[in-house]
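None of these values were measured; they are calculated from a predicted model. Letters A, B, ... are given to chains in the order of the sequence lines, protein chains preceding strands, and every chain is numbered from 1. Excluded from the calculations below are hydrogen atoms, water molecules and symmetry mates; all remaining heavy atoms, backbone and side chain alike, are included.
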Amino acid sequence: MAALAPATGALRRLKQRSQFVKAARGNRAGRPAFGMQSVSVDDEAPGVGFTVTKKTGNSPERNRIRRRLRAAVTMCASDFVAGHDYVLVGRREALNEPFSRLVRDVSQAIARVHTAKPNSARPGATRAKGERNNRS
RNA sequence: CCAGUUGACCGGGUGACCGCGCUCCAGUGGGUAACUGCUGGAGGGAGGAAAGUCCGGGCUCCAUUGAAACACGGUGCCGGGUAACGUCCGGCGGGGGCGACCCCAGGGAAAGUGCCACAGAAAGCAAACCGCUUCGGUUUACCGGAGUAAGGGUGAAAGGGUGCGGUAAGAGCGCACCGCGGGCCGGGCAACCGGACCGGCACGGUAAACCCCACCGGGAGCAAGACCAAAUAGGGAUGACGCGGGGCUUGCCCCAGCCGGUUUCAAGGCCAGAUCAUCCGGGUUGGUUGCAUAAGGCGUCCUGGUAACAGGCGUCACAGAUGAAUGGUCGCCACGUAUCGCGUUUCGGCGCGGUGCCUUACAGAACCCGGCUUAUAGGUCAACUGGCAUU
RNA sequence: GCUGCCGUAGCUCAGUGGUAGAGCACCCCCUUGGUAAGGGGGAGGCCGACAGUUCAAUCCUGUCCGGCAGCA
C-alpha cells in the first residue's frame with residue numbers, strides 16, 4: 001500500500017445546492033461503492049462533491065462512507081479533468097470495499113464519464129427528479 | 001469457588017505515511033462593503049448516551065408585566081435538597097424475593113354527578129329466583145300466607161371473614177379472634193406507628209370518568225433575535241383600530257380609544273398611519289453576530305448534613321462545524337469469536353499453541369445546562385446477600 | 001435543529017371503555033350466446049409495538065417504532 005502516493009492537484013469542494021442539481025443532469029457512471037455524475041462548468045479547477053442519502057445508513061456509517069470516498073479522491077486527484085464538476089453518490093458497499101479497489105474505481109469512473117457523449121446520453125436531462133433531497 | 005444484588009468506571013492501545021476544520025501568532029494578497037485567500041509556527045478537536053425531544057431552566061423576541069378572579073394545562077403519601085423539575089435524597093404505607101434488595105401516577109369515592117356490558121331474581125336502593133322453616137288449604141310431589149338469607153346458581157364484583165353458641169329455620173341474634181368505623185392517650189416536624197376503650201357492621205368498584213382539594217404554570221422558540229451587503233416594483237387584496245373631543249402658555253396637558261388566554265384594577269406605552277393581522281405576488285438563497293467562562297470540570301481535600309446537597313480551599317482553560325471538520329491507509333499488540341491440536345477436570349469448563357474472521361457494541365456535537373427514557377459487544381473495581389468447601 | 005399531525009381489511013377511510021364497520025378491490029352463485037353493469041352470498045383484521053389503569057382497552061395513560069407536513 002505504500003505505493004499509493006497522493007497525487008497533488010487543486011480540487012474545489014462543491015458546497016452549494018445548485019452545483020449538485022446541475023451535476024445531476026450530467027453524464028453518469030456506476031460503481032458498486034458509489035455513483036458518479038459529471039458536468040462541465042466555467043472553472044479552471046475541477047470540483048468534487050459528495051452526497052450520501054439518509055436511506056443508506058445511520059450517521060456514523062454515512063460519515064465513514066463520505067470520508068473513505070474523500071480519501072480515495074485525493075489519491076487520484078490528478079485524474080480529474082479541469083473545467084468539470086463531479087458528484088459522488090455514496091453507497092453502502094463503500095464501507096467494506098478494499099481501499100485499493102476504491103481508488104481504482106474512482107479513476108475508471110472518471111474515464112467512463114468522459115467517453116460517454118454529453119447530452120445525447122441523457123435526453124431527459126431537465127427532469128425535475130434530479131432535485132430530490134440527497135443531502136447527507 | 002459458585003450463584004446473585006447494588007453502586008461506580010472504562011468502552012480499544014501504539015507506530016509510520018497522508019489529510020480535515022478551528023483558535024492564536026508572524027508574513028503577504030483580494031474585495032465597494034459585510035468580509036476573506038495563501039504561506040509558516042504553536043495549541044487543542046465527539047458521547048455515555050452526543051440519540052429520542054419526554055420534563056425543567058438559562059438566553060432572545062412578543063414594548064414592560066404586578067395583583068385578583070375565571071378558563072386551560074400539569075403535578076399529587078410525608079419531609080428535605082435544587083436555579084428549576086414529573087428528577088434526586090431520606091422516611092412512611094402497600095406488594096414481591098430465603099436474602100442482599102427490587103417495584104408502586106401512592107391525595108379525596110360519608111361534596112355531588114355518571115358508568116358497571118353479557119349473565120343473573122337483584123349491580124347500589126336494598127331486595128329474594130332456586131332453596132330452608134312454619135301455618136292453612138288440597139292432598140302423591142301442588143297452591144297461598146308468614147319468617148329467613150346459612151346453602152345453590154350468575155358474575156370481575158352479591159351488603160364483613162373464621163369458629164362456637166343459639167334457633168322452627170336462620171341471621172352480629174350473642175361471644176372470641178381478625179377486619180372495619182369512632183373519638184381518646186402516647187411517640188413522631190409530618191406521612192404514619194403503638195395502646196386501651198367504645199360501636200355490632202352502617203360505608204362495593206371506578207377519579208390514567210366528570211369532578212373536589214392543594215400546589216405550579218404568560219406565549220413562542222437560536223430557522224429565536226441583532227447587524228452588514230446585494231437585489232427588486234418598497235407592489236396588490238381583505239379585515240381591524242379609525243379620520244376623535246377639550247384646554248391653553250402652540251407643543252404640551254386632560255378625556256375617550258387601542259396594547260396580555262378572558263375580565264377587573266394598577267403602572268407604562270401608542271394615539272392616526274412610515275399602524276397592526278392574514279393572504280397573494282416579486283427579489284435574495286451571501287456574510288457577521290448570537291457562539292461557549294458556564295447553575296463549568298477535577299480533587300483519597302476541609303467543614304456541616306444519615307443523604308441528596310450546601311459552604312470553603314486548591315487547581316485546569318477544555319470541540320465550535322454549517323453539502324457540516326474531529327479522519328484515511330498499512331503494520332504490531334491486546335480483546336472477542338469460530339475451528340484444530342495438546343494438557344487438565346469436580347465433565348459445566350479451564351490453560352497453552354496454531355489458523356481464519358471482526359479490527360469492534362450502541363452510536364456523530366449543531367445555542368447551552370440539569371434530569372428522564374431508550375440503544376449498547378466486551379471488560380474492571382467496590383460493598384453486600386445466599387450456598388458449598390476449608391481453617 | 002425546532003414544531004405539529006397520523007398509524008384500523010389489499011387500498012381509501014369511519015368508529016367508540018363491553019367480541020370492529022363502510023366504499024372500492026377479491027372469491028362463489030344468479031343474470032347473458034359471452035363480457036361489463038346489476039342482484040345475492042362469502043372470505044379477509046392479535047386496530048404500529050411494549051408496559052400500565054380497569055372486571056374489561058382499538059379507545060384512557062406512559063415509553064418506543066414507523067411515516068407525513070411546516071419553518072429563514
If we take the C1' atom in both C/U58 and C/A9, what is their distance in whole Å? 14 Å
Would you please test A/Leu14 and A/Val48 for side-chain contact (heavy atoms from CB on, under 4.5 Å) and show each step? CA-CA 6 Å; A/Leu14 303 186; A/Val48 184; 5.7 Å; no
pair A/Pro32-A/Asp105: side-chain heavy atoms closer than 4.5 Å: yes
Out of A/Arg67, A/Arg91, A/Arg92, which one pairs with A/Glu61 under the salt bridge (charged side-chain N to carboxylate O under 4.0 Å, His left out) rule? A/Arg92
Say we look at B/C70 and B/U284: how far apart would their C1' atoms be, to the nearest angstrom? 49 Å
Run the side-chain contact (heavy atoms from CB on, under 4.5 Å) test on A/Arg68 and A/Leu102 for me, step by step, so that the C-alpha distance in whole Å, both residues' side-chain angles and the decisive distance to 0.1 Å come before the verdict. CA-CA 9 Å; A/Arg68 293 197 81 195; A/Leu102 219 54; 4.2 Å; yes
Tell me which nucleotide, if any, is Watson-Crick or G-U wobble paired with B/C227 when both distances must be under 3.5 Å. B/G287
Side chain of A/Thr51, base of B/G323: donor and acceptor closer than 3.5 Å? yes
Determine which nucleotide pairs with B/C381, using a 3.5 Å limit on both distances of a Watson-Crick or G-U wobble pair. B/G7
Taken to the nearest whole Å, CG/A/Leu69 to C1'/B/C20 is 16 Å
Checking N1-N3 plus N6-O4 or O6-N4 for Watson-Crick, or N1-O2 and O6-N3 for wobble, each under 3.5 Å, the partner of B/C210 is B/G112
May I ask you to evaluate whether A/Asn58 reaches the phosphate of B/A363, defined as a side-chain N or O under 4.0 Å from OP1 or OP2? yes
By side-chain contact (heavy atoms from CB on, under 4.5 Å) - contacts of A/Asn96 (at least two apart): none
Under 4.0 Å from OP1 or OP2 of B/G327: is there any side-chain N or O of A/Arg68 that close? no
Quote, to the nearest angstrom, the P distance that separates B/U232 from B/G283. 11 Å
Base orientation of B/G155, chi within 90° of 0 counted as syn, else anti, reads anti
By ring-ring contact (aromatic ring centres under 6.0 Å, His included), which residues pair with A/Phe80, not counting sequence neighbours? A/Tyr86
Separation of the C1' atoms in B/G219 and B/G261, to the nearest angstrom: 10 Å
Going by purine N1 to pyrimidine N3 plus the second Watson-Crick contact, or the G-U wobble pair, all under 3.5 Å, which nucleotide sits opposite B/C350? B/G343
May I have the step-by-step check of side-chain contact (heavy atoms from CB on, under 4.5 Å) for A/Ile110 and A/Met36, ending in yes or no? CA-CA 8 Å; A/Ile110 293 168; A/Met36 182 181 275; 3.8 Å; yes
B/A325 phosphate, OP1 or OP2, under 4.0 Å from A/Arg66 side-chain N/O: yes
Please give me the minimum heavy-atom distance between A/Ala94 and A/Ala33, naming the atom from each residue. CB-O, 3.6 Å
Does B/A361 pair with anything, Watson-Crick or G-U wobble, both distances under 3.5 Å, and if so, with which nucleotide? none
Expected label for B/G195 (glycosidic angle, syn inside 90° of 0, else anti) would be anti
Watson-Crick and G-U pairing of RNA chain C, under 3.5 Å, as dot-bracket with | and [ ]: (((((((..((((....[..)))).(((((.......))))).....(((((..]....)))))))))))).
Can you tell me how far P of B/G328 sits from CD1 of A/Ile65, to the nearest Å? 12 Å
RNA chain B: A/Pro60 or A/Leu14, which has the more 5' nearest nucleotide? A/Leu14
Between B/G11 and B/A46, how many Å separate the two C1' atoms, rounded to a whole number? 14 Å
Does any nucleotide pair with B/U329 by Watson-Crick or G-U wobble geometry, both distances under 3.5 Å, and what is it? B/A16
Both distances below 3.5 Å, Watson-Crick or wobble geometry, any strand: find the nucleotide opposite B/G183. none
Without decimals, in angstroms, what is the distance between A/Met75 CE and B/C330 C1'? 10 Å
Whole angstrom is fine here: how far is it from CG in A/Leu102 over to P in B/C18? 21 Å
Take A/Ala71 and A/Gly49, find for each the nucleotide of RNA chain B with the closest heavy atom, and name the residue whose nucleotide sits nearer the 5' end. A/Gly49
d(CG, A/Leu95; C1', B/U359) in whole Å: 14 Å
Considering only the C1' atoms, how many Å lie between B/C24 and B/C61, rounded to the nearest integer? 35 Å
Per the O4'-C1'-N9-C4 / O4'-C1'-N1-C2 angle with a 90° window around 0, B/A202 comes out syn
For B/G348, does the O4'-C1'-N9-C4 (purine) or O4'-C1'-N1-C2 (pyrimidine) torsion place it in syn, i.e. within 90° of 0, or in anti? syn
Taking CG from A/Asn96 and C1' from B/U359, how many angstroms apart are they, rounded to a whole number? 12 Å
What integer number of Å spans the P atoms of B/G370 and B/A294? 15 Å
Write down the distance between CG (A/Asn63) and P (B/G327), rounded to a whole number of angstrom. 10 Å
Short side-chain N/O contact to B/A363 OP1/OP2 from A/Arg64, under 4.0 Å: no
Using only side-chain N and O atoms of A/Arg70, determine if any of them is under 4.0 Å from OP1 or OP2 of B/A324. no
Could you measure between the two P atoms, the one in B/U374 and the one in B/C103, and give it in whole Å? 12 Å
Give, for atom CD of A/Glu97 and atom CD1 of A/Ile65, the distance between the pair rounded to the nearest 0.5 Å. 11.5 Å
Specify the glycosidic conformation (syn or anti) of B/U250, with syn defined as within 90° of 0. syn
Nucleotide opposite B/A272 in a Watson-Crick or G-U pair, distances under 3.5 Å: none
If you look at every heavy atom in A/Ala23 and A/Val87, which pair is closest and at what distance? CB-CG2, 3.5 Å
Tell me: CD of A/Glu61 to C1' of B/C362, nearest whole Å? 11 Å
